[in-house]
**Student:** 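Sharing a structure with you now.
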Amino acid sequence: MPGKFSLTALAKKHGIEIRGRFAEDCVDPIHTGQIDFSGRGSWAAGRAACEKYIRKALDIMGPADRYWLPGLLTMASRETSYNAPGHQMNTRDGNARNVPELLGGRSAPDGFKGMCFRGMLQTIPQTFARHHATGTSRKIYDPVASAAAASNYFMFRYKVAQDGHELAAKVRQANPNKTGGGILREPGDGR
């Protein structure tokens with residue numbers, strides 16, 4: 001699949017101006033030590049609030065919301081009951097443990113094991129950091145940052161097109177017509 005540099009070179013060669021953004025322009029990786037673990041439970045919950053957060057993330061990133069919005073709302077419903085405070089942290093999953101490569105093997109500043117899934121779309125810290133989106137906060141519980149990082153992850157890991165038209169087909173958890181399990185983890189991240 002052509003990327004930013006090959007398309008830019010091709011356009012320049014033929015005198016064509018490229019408008020819009022590339023998926024890689026939306027990623028601003030951070031180190032896991034830069035993640036802010038504060039704010040759990042301080043963002044509004046409910047479907048309307050999640051829709052607002054997702055739309056804001058999509059505005060920052062540039063993808064159209066026609067496909068992304070329904071898929072990410074489905075995930076928010078399944079993962080955190082639309083960002084309900086009691087569901088923003090998963091301490092029961094097998095990933096809920098401390099590992100030496102994250103925070104030196106200690107629990108995170110929020111008091112939970114480092115590898116717990118966190119935030120509206122339940123990412124582990126490594127996934128959130130690697131796919132952190134340009135223009136979003138470094139707070140893992142911030143639902144806008146959560147939606148943007150998860151979207152970047154889907155484009156990277158599952159090769160979902162930037163407009164999101166393949167989201168429901170490629171990411172089972174985003175498909176309202178299928179049941180699915182959690183998937184927001186990087187290969188090799190403590191599994």
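Values below: every heavy atom of this structure, side chains too, minus hydrogens, waters and symmetry copies.
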**Student:** Could you state the interatomic distance from OG (Ser151) to CG (Leu167), rounded to the nearest 0.5 Å?
**Tutor:** 7.5 Å
**Student:** Looking only at heavy atoms, what is the nearest atom pair of Thr91 and Met89, with distance?
**Tutor:** CG2-CG, 3.6 Å
**Student:** If we ignore angles and hydrogens, is there a donor and acceptor under 3.5 Å between the side chains of Thr136 and His132?
**Tutor:** yes
**Student:** Would you say Leu69 ends up clustered with Leu72 if hydrophobic residues are merged whenever their side chains have heavy atoms under 4.5 Å apart, either directly or through other cluster members?
**Tutor:** yes
**Student:** Is a donor on one side and an acceptor on the other found under 3.5 Å between the side chain of Ser42 and the backbone of Gly39?
**Tutor:** yes
**Student:** What I'd like to find out is whether the side chain of Leu73 reaches to under 4.5 Å of the side chain of Tyr82, using heavy atoms alone.
**Tutor:** yes
**Student:** Relative to each other, are the rings of Phe154 and Tyr158 parallel, tilted or perpendicular (30° and 60° limits)?
**Tutor:** tilted
**Student:** For Ser137, enumerate each residue passing the side-chain hydrogen bond (donor to acceptor under 3.5 Å, both in side chains) test, keeping only those at least two apart in sequence or located in another chain.
**Tutor:** Asp142
**Student:** Give, for atom CZ of Arg40 and atom CD1 of Ile140, the distance between the pair rounded to the nearest 0.5 Å.
**Tutor:** 12.5 Å
**Student:** Any idea which heavy atoms bring Ala96 and Arg92 closest together, and the distance?
**Tutor:** CB-N, 4.4 Å
**Student:** So does Gly114 get a backbone contact from the side chain of Arg118, meaning a donor-acceptor N/O pair under 3.5 Å?
**Tutor:** yes
**Student:** What distance do His131 atom NE2 and Ser146 atom OG have between them, rounded to the nearest 0.5 Å?
**Tutor:** 13.0 Å
**Student:** Is there a side-chain contact between Met115 and Gln126, using heavy atoms and a 4.5 Å cut-off?
**Tutor:** yes
**Student:** Measure the shortest side-chain to side-chain distance between Met120 and Tyr53 over non-hydrogen atoms and say whether it is less than 4.5 angstrom.
**Tutor:** yes
**Student:** Would you say that Val144 contacts Trp43 through its side chain, given a criterion of any heavy-atom pair below 4.5 Å between the two side chains?
**Tutor:** no
**Student:** With no hydrogens and no angle check, is any side-chain donor or acceptor of Gln34 less than 3.5 Å from a backbone partner on His31?
**Tutor:** yes
**Student:** Rounded to the nearest 0.5 Å, what separates atom OG in Ser77 from atom CD in Gln173?
**Tutor:** 9.5 Å
**Student:** On a heavy-atom basis, which atom in Cys50 and which in Ala76 lie closest, and how many Å separate them?
**Tutor:** SG-CB, 4.2 Å
**Student:** Whether the side chain of Asn83 engages the backbone of Ala44 through a donor-acceptor N/O pair (distance < 3.5 Å, no angle test) should be reported.
**Tutor:** yes
**Student:** Going by heavy atoms in the side chains, are Arg138 and Ile35 under 4.5 Å from each other?
**Tutor:** no
**Student:** Would you please name every residue forming a salt bridge (Lys or Arg N to Asp or Glu O under 4.0 Å) with Arg55, sequence neighbours left out?
**Tutor:** Glu51, Asp65
**Student:** Drop me the distance from Gln88's CD to Cys116's SG, to the nearest 0.5 angstrom.
**Tutor:** 13.5 Å
**Student:** Determine the minimum heavy-atom distance between Lys170 and Lys159, stating which atoms define it.
**Tutor:** NZ-O, 2.9 Å
**Student:** Just verifying a value: how many Å separate Asn152 CG and Met61 CE, rounded to the nearest 0.5 Å?
**Tutor:** 3.5 Å
**Student:** Answer whether the closest heavy-atom distance between the side chains of Pro125 and Phe37 falls below 4.5 Å.
**Tutor:** yes
**Student:** Checking Lys139 now: which residues fulfil side-chain hydrogen bond (donor to acceptor under 3.5 Å, both in side chains) with it, not counting sequence neighbours?
**Tutor:** Asp36, Ser38
**Student:** Which heavy atom in Arg130 sits nearest to a heavy atom in Val27, and how many Å separate them?
**Tutor:** O-CG1, 3.6 Å
**Student:** Could you walk me through whether Tyr153 and Thr123 pass side-chain contact (heavy atoms from CB on, under 4.5 Å), step by step?
**Tutor:** CA-CA 10 Å; Tyr153 175 65; Thr123 57; over 6 Å; no
**Student:** Would you confirm whether Trp68, through its side chain, and Gln162, through its main-chain N or O, come within 3.5 Å as a donor-acceptor pair?
**Tutor:** yes
**Student:** Taking all heavy atoms of Asn95 and all of Asp93, pick out the closest pair and write down the distance.
**Tutor:** N-OD1, 2.7 Å
**Student:** Does any part of the side chain of Asn98, heavy atoms only, come nearer than 4.5 Å to the side chain of Leu103, both counted from C-beta?
**Tutor:** no
**Student:** Using atom types as modelled and distance alone, determine if a side-chain donor or acceptor of Asp28 lies under 3.5 Å from a backbone N or O of Thr134.
**Tutor:** no
**Student:** Are side-chain heavy atoms of Ile54 and Lys56 found at a separation under 4.5 Å?
**Tutor:** no
